[in-house]
Amino acid sequence: MPDETTSHLPVASSNEDHDSRLLSILMPVYNEQAYLERVVERVLNAPLPNNVERELILVDDASTDRTPEVIRAIVERNPNTVRAFRQSKNQGKGAAIRRAIQEMQGDFAIIQDADLEYNPNEYPLILAPLLDGRADVVYGSRFATRETRKILQYHHKLGNLFLTHLSNFTTGLDLTDMETCYKAFRADALKSIPLRSNRFGMEPEITAKVAKRGWTVYEVPISYNGRKYSEGKKIGWKDGVNAICVIIKYWFFDDSFFDIDSSSESSQQLGYSRNYLKTLVRRCAPYLGSTTLEVGSGMGNLSKFLPQRERLTLTEVDDRRRKYLQASYEGNAVVDVQFLDLISGKTSLQEKDVEAFDSVVCLNRTVSLPLNNTDALVALKRYLKPSGKLLFIASAKSRFSSCLCGRKRADSTVSFTPKELNKLLTESGYDVDSVKPIASVERFFQSSDPNKAPSFLGFKLFDLLVSRTSWLDRILKPTKYLVVATKVDKK
């Protein structure tokens, strides 16, 4: 089995054949020589929906019994279906699942414990909301109503229910079983969130991040054959205490995105503040028409707040982000996802999209968009209807030349005065409607070191205050402007 490798940023599944979809079954293993053969047999023989194939990813978390030998024998018998990896040292269930996520190749993923507590024959029940596009995530609940159920150990159940209710209080979800092993995901969604917990804290952590990302979650009832500690059960009271700490941690702290643009966690960037994004869209709403084109959609953190009227087209250069967006809006009759590179001019938009949009918005990831020159602004005019609106964020000239994320980029983001913005837009063929400061409270959360991201506490305070302090925009020196301009009609 391959040894543990340096962790890397996940990429989207390359499986493009949607006639046959692949389910990745992620199985962390630690000292399970007694049950592993039987559970793998059940997993490999379990029924799957039509056109769904399977792969089993085994991650041995440095077992000290005969588990490695058992795994080798399993792989030898099933070389085309089972892949196995071994951690160099014991780190816990969460670390093993994190490794399995890195290695999986499927379109969907489900977590499977290496024991006989859960029944793989229920995979079709759990996968159904994913396969028909209703859900991004599905939880298999041991406590949802069933006709029959095995009686569980009362104190263990009580602990699970307490953790579930505490998690629900902090996330706003209405789960009946947060601690369940059976969690199934769209693979691209699962790969897009960072997981930090090494042990059983992975369960509340992933639930908190699923909630923060705003994904659609379904829950289905499953059977459960709980085992006793004498039969190898490993979770204990210390893990319960740790779960409480994890729930509270991710209630206050936001860490739900990988940041592939810098060395800092994007969760600490002020531009990912939910209230900031909602405030931004609310300010833009009077100018948004029935058809909107968003440039630089990223992972869709702002896109989900944009109104879906007749048509909403999201565009992104990065292949991984674009595939994520396509999966997120698959089957949506109003939203489509396209490629658009303002620098090279290459795009998947069609001729019918020329002068097709009432509004073009560039509000997300603006530091990576070349909106500081007339070429890019003229290129955007191509897609606007006559008298259509262009809305974008521009950095204001200040001590730090701040960007959307509240810090200076290494490439020195271009900043403007209102006069400079008016000149640039006029030269590009626009009439300027307004250049107004927005989220000036950001200034209080900028570090004296422009390359240092705000603290978690600073992020949370900014998120709390940004929608309540618009009056500061009239007092403080601005950090950024919301620019609205109208395309000049051809004469």
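Note that the structure is a prediction, hence the values are computed from the model and not measured.
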Query raised in the report: Is Lys323 paired with Asp319 through a side-chain N to carboxylate O contact shorter than 4.0 Å?
Result: yes
Query raised in the report: Under 4.0 Å between a Lys/Arg side-chain N and an Asp/Glu carboxylate O for Asp341 and Lys346?
Result: no
Query raised in the report: Salt bridge between Lys93 and Glu203, side-chain N to carboxylate O under 4.0 Å?
Result: yes
Requested in this report: Anything under 30° is parallel, anything over 60° is perpendicular, the rest tilted; go ahead and classify Trp215 against Tyr324.
Outcome: tilted
Query raised in the report: In this structure, are over 12 heavy atoms from other groups packed under 6.0 Å from Asp132 atom CG?
Result: yes
**Report entry** Contact check, side chains of Val441 and Arg468, non-hydrogen atoms, under 4.5 Å
**Finding:** no
Query raised in the report: Going by an N to O cut-off under 4.0 Å, is there a salt bridge joining Arg274 and Asp463?
Result: no
Requested in this report: Indicate yes or no: at least one non-hydrogen side-chain atom of Leu472 is less than 4.5 angstrom from one of Phe444.
Outcome: yes
Requested in this report: Report yes or no: do Lys397 and Thr417 form a side-chain donor-acceptor pair below 3.5 Å?
Outcome: no
Query raised in the report: Roughly how far, to the nearest 0.5 Å, is CG of Asp177 from OG1 of Thr207?
Result: 9.5 Å
Query raised in the report: What about the rings of Tyr182 and Tyr118, do their centers lie closer together than 6.0 Å?
Result: yes
Report task. Would you mind listing every salt bridge (Lys or Arg N to Asp or Glu O under 4.0 Å) that reaches into residues 286-313, with sequence neighbours excluded? Result -> Arg311-Asp336, Arg311-Asp353
Query raised in the report: Would Glu219 and Arg142 pass as an ion pair if we require N to O under 4.0 Å?
Result: no
Query - Parallel, tilted or perpendicular: rings of Phe169 and Trp251 (30°, 60°) - result: perpendicular
Report task. Taking only Lys NZ, Arg NE, NH1 and NH2, and the carboxylate oxygens of Asp or Glu, determine whether Lys487 and Glu355 approach each other closer than 4.0 Å. Result -> yes
